[in-house]
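Note: hydrogens, waters and symmetry copies are ignored here, and every other heavy atom, side chains too, is used. Since this is a predicted model, take the numbers as computed values, not measurements.
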Amino acid sequence: MKKILVSAIILLPTAFFSQIITGKITHSGKAGSYVEIIAVKDQKKQTAISDEKGNYSLKLSEEGNYTIKLIQDGMEVSHTDITVNGNVKQDFFIEEKKEKQIEGVTLTAKKTD
């Protein structure tokens, strides 16, 4: 019984002071499945991964300003700065990057002797 009481006393402040960011990630109108969410504050990183429906929940140890980065297939696809003061609901929308096309390129072979 004493062990349970001591554990409760130790963990109770953590439960009251932790912050949780929850939300959904959408990628081109579809669920952003298995996207890594990284919250960075003062060079400390905390991470989570979205589920198959794009839902995520990220527990943070303290309030403050965070940079949230979204990583998909090993590449950063989005980042934003947010202020966390209590629990936050934050949805993210990832847009496809439009590829730039090069026009008017002419290749010429040069004969070498």
* To do: Test S78 against K69 for side-chain contact (heavy atoms from CB on, under 4.5 Å), laying out the working first.
  => CA-CA 6 Å; S78 177; K69 297 179 183 182; over 6 Å; no

* Do S28 and I94 pass the side-chain contact (heavy atoms from CB on, under 4.5 Å) test, and can you show the C-alpha distance, the side-chain angles, and the key distance before you say yes or no? -> CA-CA 6 Å; S28 300; I94 301 171; over 6 Å; no

* Give the C-alpha distance, both sets of side-chain angles, the deciding distance and a yes or no for side-chain contact (heavy atoms from CB on, under 4.5 Å) between T22 and Y56. => CA-CA 6 Å; T22 59; Y56 74 93; 5.6 Å; no

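Applying the side-chain hydrogen bond (donor to acceptor under 3.5 Å, both in side chains) test to D73 and every residue at least two apart in sequence or in another chain returns nothing. Judged as a side-chain hydrogen bond (donor to acceptor under 3.5 Å, both in side chains), and not counting sequence neighbours, N87 has no contacts. For K30, there are no salt bridge (Lys or Arg N to Asp or Glu O under 4.0 Å) partners, not counting sequence neighbours. Partners of K89 according to the side-chain hydrogen bond (donor to acceptor under 3.5 Å, both in side chains) rule, which considers only residues two or more places apart in sequence or in another chain, are D91. The side chain to side chain contact (heavy atoms under 4.5 Å, CB included) check on N55 picks up K24, D51, K53, with sequence neighbours excluded. Among residues two or more places apart in sequence or in another chain, the side chain to side chain contact (heavy atoms under 4.5 Å, CB included) test is passed with V88 by I21, V84, Q90.
Cluster partners of V40 are I38, I71, counting Ile, Leu, Val, Met, Phe, Trp and Tyr whose side-chain heavy atoms approach within less than 4.5 Å, directly or via other members. When hydrophobic side chains of Ile, Leu, Val, Met, Phe, Trp and Tyr are connected at separations under 4.5 Å, F93 ends up as a singleton with no cluster partners.
Atoms CG and CD1, from L70 and I37 in turn, are 6.5 Å apart once rounded to the nearest 0.5 Å. For the atom pair CD1 of I82 and CG of N65, the computed distance is 9.5 Å after rounding to the nearest 0.5 Å. Note: Q46 CD to I68 CD1 = 9.0 Å, rounded to the nearest 0.5 Å.
Across all their heavy atoms, E63 and G86 have their closest contact at OE2-N, 3.6 Å.
The side-chain hydrogen bond (donor to acceptor under 3.5 Å, both in side chains) analysis of residues 31-42, with sequence neighbours excluded, yields the pairs K41-E62.
Residues Y66 and L60 meet the side-chain proximity criterion, which asks for heavy atoms closer than 4.5 Å.
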